[in-house]
Protein chains: 2
Amino acid sequence: MTRRNQHLTLRDVSEASGVSEMTVSRVLRNRGDVAAKTREKVLEAARMLGYVPNKIAGALASNRVNLVAVVVPSLSNLVFPEMLAGVQEVLDGTELQPVIGATNYDPAKEERTLFEMLSWRPSGVIVAGLEHSDASRAMLANCGVPVVEVMDVDGDPVDAAVGISHWRAGYQVGTEIAARRYERVAVLGTKMDGDHRARKRIEGLERALSEAGIAVVDQMAYSGWSGFAKGREMTTELLARAPDVDFLFYTNDLTGAGGLLYCLEKGLDVGGALGLAGFNAFSLLDGLPRRLATVDSRRREAGQVAARIISGTHVFETEDRRVELVPTFLPGDTMRPLPGAETG
Amino acid sequence: MTRRNQHLTLRDVSEASGVSEMTVSRVLRNRGDVAAKTREKVLEAARMLGYVPNKIAGALASNRVNLVAVVVPSLSNLVFPEMLAGVQEVLDGTELQPVIGATNYDPAKEERTLFEMLSWRPSGVIVAGLEHSDASRAMLANCGVPVVEVMDVDGDPVDAAVGISHWRAGYQVGTEIAARRYERVAVLGTKMDGDHRARKRIEGLERALSEAGIAVVDQMAYSGWSGFAKGREMTTELLARAPDVDFLFYTNDLTGAGGLLYCLEKGLDVGGALGLAGFNAFSLLDGLPRRLATVDSRRREAGQVAARIISGTHVFETEDRRVELVPTFLPGDTMRPLPGAETG
DNA sequence: TTGAAAGCGCTAACAC
DNA sequence: GTGTTAGCGCTTTCAA
């Protein structure tokens, strides 16, 4: 063996089939006109040998890479896999392939991941959020391919942006709370610096409440991972120190569900005197004892649209390459009815 | 502009710094001896220009690719992101980068994804499960890099395998059920053909039960996505048609949690006359009204070990390149105590 | 310590 | 319809 490595090359297929490398290449890419008989010979040889093309060489020669870089903070938070599912769904109908990287909510890690991915010269970049380091923004601005910032539109996109406005979603929840005459609202959120979307939701909520003359009477943040237990803990603690609150807004459905379970156990009048709301509309949670009020943040669609933008099949309606999706408020069973609404 | 594309090349950096391309390359890779002054000039020029190296050309020239292909059935099922977290955690300490692909539990899609990924000549492959099409197995066997099949060891690995034995995990649950004198067990599982691990758990469970002379009195499978609602539905239906069952085994914690909530609402004697168990030990669910009996399937560790195998830092104890992790049974509060056990 | 030449495996462009 | 030639941007190798 004098071969540099164990991989087969076009040349091997060429020799095995008695067809020139170039024609072999054409067959394997379904390009140009190749005689049916030649094609057969080539495919047969390739199959027999178990030839796997070398995309690296192909990409270098053609200056085309069918990879789309997708950068998310985390895969453990379900919202990101759900967005990715939307991306994959759309890209599956194209030649493009997603390459996924996680940053752990760390801007420096994001910067490194982007650099690494851009050095593979992808055909597009999808990145969660609008907040990035200056260096990251510079890379994105200069990478020469479409860049879509997803799951948020509150800010200044480098190129395109797709998602809901978390600020407005929070604002809407605030108006719904106010309309239902809740008056002493507490916010149970996250301590994570990197979670800009949760922060924006809270800001929107606070604005709506303050416009309605309602106070946020208490606020609590946790660090670490979201789960039922965290929602329980926070709720226990919060109700202990502010027993007169009448509404609990959780920035996340999972902690909200934990809080809901806790409140039900304690026999609190959930959906009546005490209102509860989460955020994200995780379908996983359908089937809780009560449907938690929540907001569908439309992350799957965000992924779909982002993928369409990258693949060039999206038509922008506005000229600023921003696609604002409309979040859906779902009152569930944990907020009292609007005053004046009919009751069955 | 006569440039083919907008990307900067080593040559640009070379010209800007007045240093040969070769030396620029050395500086940018921290290779060989370069005078401190030269190094400075080069780094300065690269930074000023915003040079991003072209890994495609680099990989072709060096025949080295720092990518690890990771192929999983789904990202929506939390077990896979959790395994991926383990992979990422370990690879973060190396030069290697994971590239993730999802197959949607479809062997044909898996085959295509593997082919696609292998054509990028990764340094290693991590793939979930031991069941693959013949073509997939052939590709894996011949790809010339380490291949780790994760999250299962019941079968014949192509190369290395890391994970728990789902059969034995199921068997263990069965012995725990038998030891607690439950006698009429029902299994609530999945219809998905591709979910071999769930199937193996059920088989192990059935074996343990039959050895103990216990019948599986009913079985039910759902299709589609796992969530609380599915657990509720199945439980409702099952208890209607087999009201005398005394144990419900769910192949999945999420459906198990739905069932648990349902049974509690109905006032059933959960943890006493009626036993319940799920599988996977999702920490997200800590904080349910009762801790659901479950089994930790150690998927994060599986990812970690797989990544260590790929990066060459794992030392095998046996010679068959199989690492069997031991699942942990967690009785929670939904199974009655062992007979003869002390009660507080 | 630095540079020049050759070539990685493929495809674009053009010739036949 | 098929083959030939050149070269993608980098790294390996060897020479200075």
Side-chain angles (χ1 to χ4, degrees), chain A residues 2-43 45-46 49 51-67 95 116 118-123 144, chain B residues 2-43 45-46 49 51-66 95 116 118-122 144:
Chain A
T2 65
R3 298 289 300 282
R4 295 179 66 91
N5 67 38
Q6 71 281 50
H7 290 295
L8 297 162
T9 67
L10 267 190
R11 187 202 191 111
D12 295 299
V13 181
S14 164
E15 284 171 2
S17 62
V19 176
S20 78
E21 283 189 45
M22 197 51 235
T23 301
V24 170
S25 168
R26 281 195 268 254
V27 171
L28 265 22
R29 285 177 299 144
N30 298 309
R31 282 287 165 77
D33 290 330
V34 179
K37 223 179 111 190
T38 315
R39 159 180 237 82
E40 275 314 308
K41 273 197 296 194
V42 170
L43 289 175
L49 295 170
Y51 171 73
V52 177
N54 187 331
K55 290 232 178 200
I56 295 171
L60 184 61
S62 66
N63 200 27
R64 258 194 297 274
V65 179
N66 66 343
L67 261 23
E95 297 280 71
E116 191 73 20
L118 289 177
S119 69
W120 286 99
R121 303 289 190 263
S123 295
Chain B
T2 65
R3 297 290 299 281
R4 293 179 68 89
N5 67 38
Q6 71 282 47
H7 290 295
L8 296 163
T9 68
L10 268 190
R11 186 200 191 116
D12 295 300
V13 181
S14 164
E15 284 170 2
S17 61
V19 176
S20 79
E21 283 188 45
M22 197 52 238
T23 301
V24 170
S25 169
R26 281 193 270 255
V27 170
L28 263 22
R29 285 175 301 144
N30 298 309
R31 282 286 167 76
D33 291 330
V34 179
K37 222 180 113 192
T38 313
R39 155 178 241 83
E40 275 314 307
K41 271 197 298 194
V42 169
L43 288 175
L49 296 171
Y51 172 72
V52 177
N54 186 331
K55 289 234 178 198
I56 294 172
L60 183 61
S62 66
N63 201 26
R64 259 193 297 272
V65 180
N66 67 342
E95 297 281 72
E116 192 73 18
L118 288 177
S119 68
W120 285 100
R121 303 288 188 263

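Sequence lines set the chain letters: A, B, ... in the order given, protein chains first and strands last, and positions in each chain run from 1.
When distances are taken from the side chain of B:Leu10 to each of D:dT11, D:dG3, C:dT1, the shortest belongs to D:dT11. In the set C:dG9, D:dT2, C:dT11, C:dT11 carries the atom at the smallest distance from any side-chain atom of A:Ser62. In the set D:dT2, D:dT11, D:dG9, the nucleotide with an atom closest to the side chain of B:Met22 is D:dT11. Of the candidates D:dG1, D:dT13, C:dG9, D:dG1 carries the atom nearest the A:Ala35 side chain, counting heavy atoms from C-beta on. Comparing D:dT2, D:dC10, C:dC10 by their nearest atom to the side chain of A:Thr9 picks out C:dC10. In this structure, the nucleotide among D:dG3, D:dG7, C:dA5 sitting nearest to the side chain of A:Ala61 is D:dG7.
Heavy atoms of A:Asn54 sit under 4.0 angstrom from primed sugar atoms or phosphate atoms, though from no base atom. When heavy atoms are screened at a 4.0 angstrom cut-off, A:Arg29 is found touching the sugar-phosphate backbone but no base atom.
For B:Leu8 and D:dG9, the CG to C1' distance is 12 Å, given to the nearest whole Å. Note: CG (A:Leu60) to P (D:dT11) measures 12 Å, nearest angstrom. In this structure, CZ of A:Arg31 is placed 6 Å from P of C:dA12, rounded to the nearest angstrom. Atom CG of A:Asn63 is separated from atom C1' of D:dC10 by 14 Å (rounded to the nearest Å). Distance B:His7 NE2 to D:dG9 C1': 12 Å, rounded to the nearest Å. Note: CZ (A:Arg26) to C1' (C:dA13) measures 10 Å, nearest angstrom. If you take CH2 of A:Trp120 and P of D:dG9, they are 15 Å apart, rounded to a whole angstrom. Here the P atom of nucleotide C:dG9 and the CG atom of A:Leu28 are 16 Å apart, to the nearest Å.
A close approach under 4.0 Å does occur between a side-chain nitrogen or oxygen of A:Arg64 and OP1 or OP2 of C:dA12. Note on A:Tyr51: a side-chain N or O is less than 4.0 Å away from OP1 or OP2 of C:dC10. Within the 4.0 Å cut-off from OP1 or OP2 of D:dT11, at least one side-chain nitrogen or oxygen of B:Ser25 is found.
The OG1 atom of B:Thr23 sits 11.5 Å away from atom CG of B:Leu28, with the distance rounded to the nearest 0.5 Å. With rounding to the nearest 0.5 Å, the separation of OG in A:Ser119 from OH in B:Tyr51 is 9.0 Å. Distance check: A:Thr38 OG1 to A:Asp33 CG gives 11.5 Å after rounding to the nearest 0.5 Å. Atom CZ of A:Arg121 sits about 13.0 Å away from atom CG of A:Leu67, to the nearest 0.5 Å.
Closest-nucleotide positions on DNA chain C for B:Ala57 and B:Thr23 were compared, and the one nearer the 5' end corresponds to B:Thr23. For the pair B:Ser20 and A:Ile56, nearest-nucleotide mapping onto DNA chain C gives the more 5' position to B:Ser20.
The neighbour count for B:Arg11 CZ, taken as heavy atoms of other residues, nucleotides or ligands under 6.0 Å away, does not exceed 12.
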- May I have the step-by-step check of side chain to side chain contact (heavy atoms under 4.5 Å, CB included) for A:Trp120 and B:Val65, ending in yes or no? CA-CA 11 Å; A:Trp120 286 99; B:Val65 180; 3.7 Å; yes

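Interface remark: the B:Arg121 side chain does not form any donor-acceptor pair with the C:dG9 base, using a distance-only criterion of under 3.5 Å.
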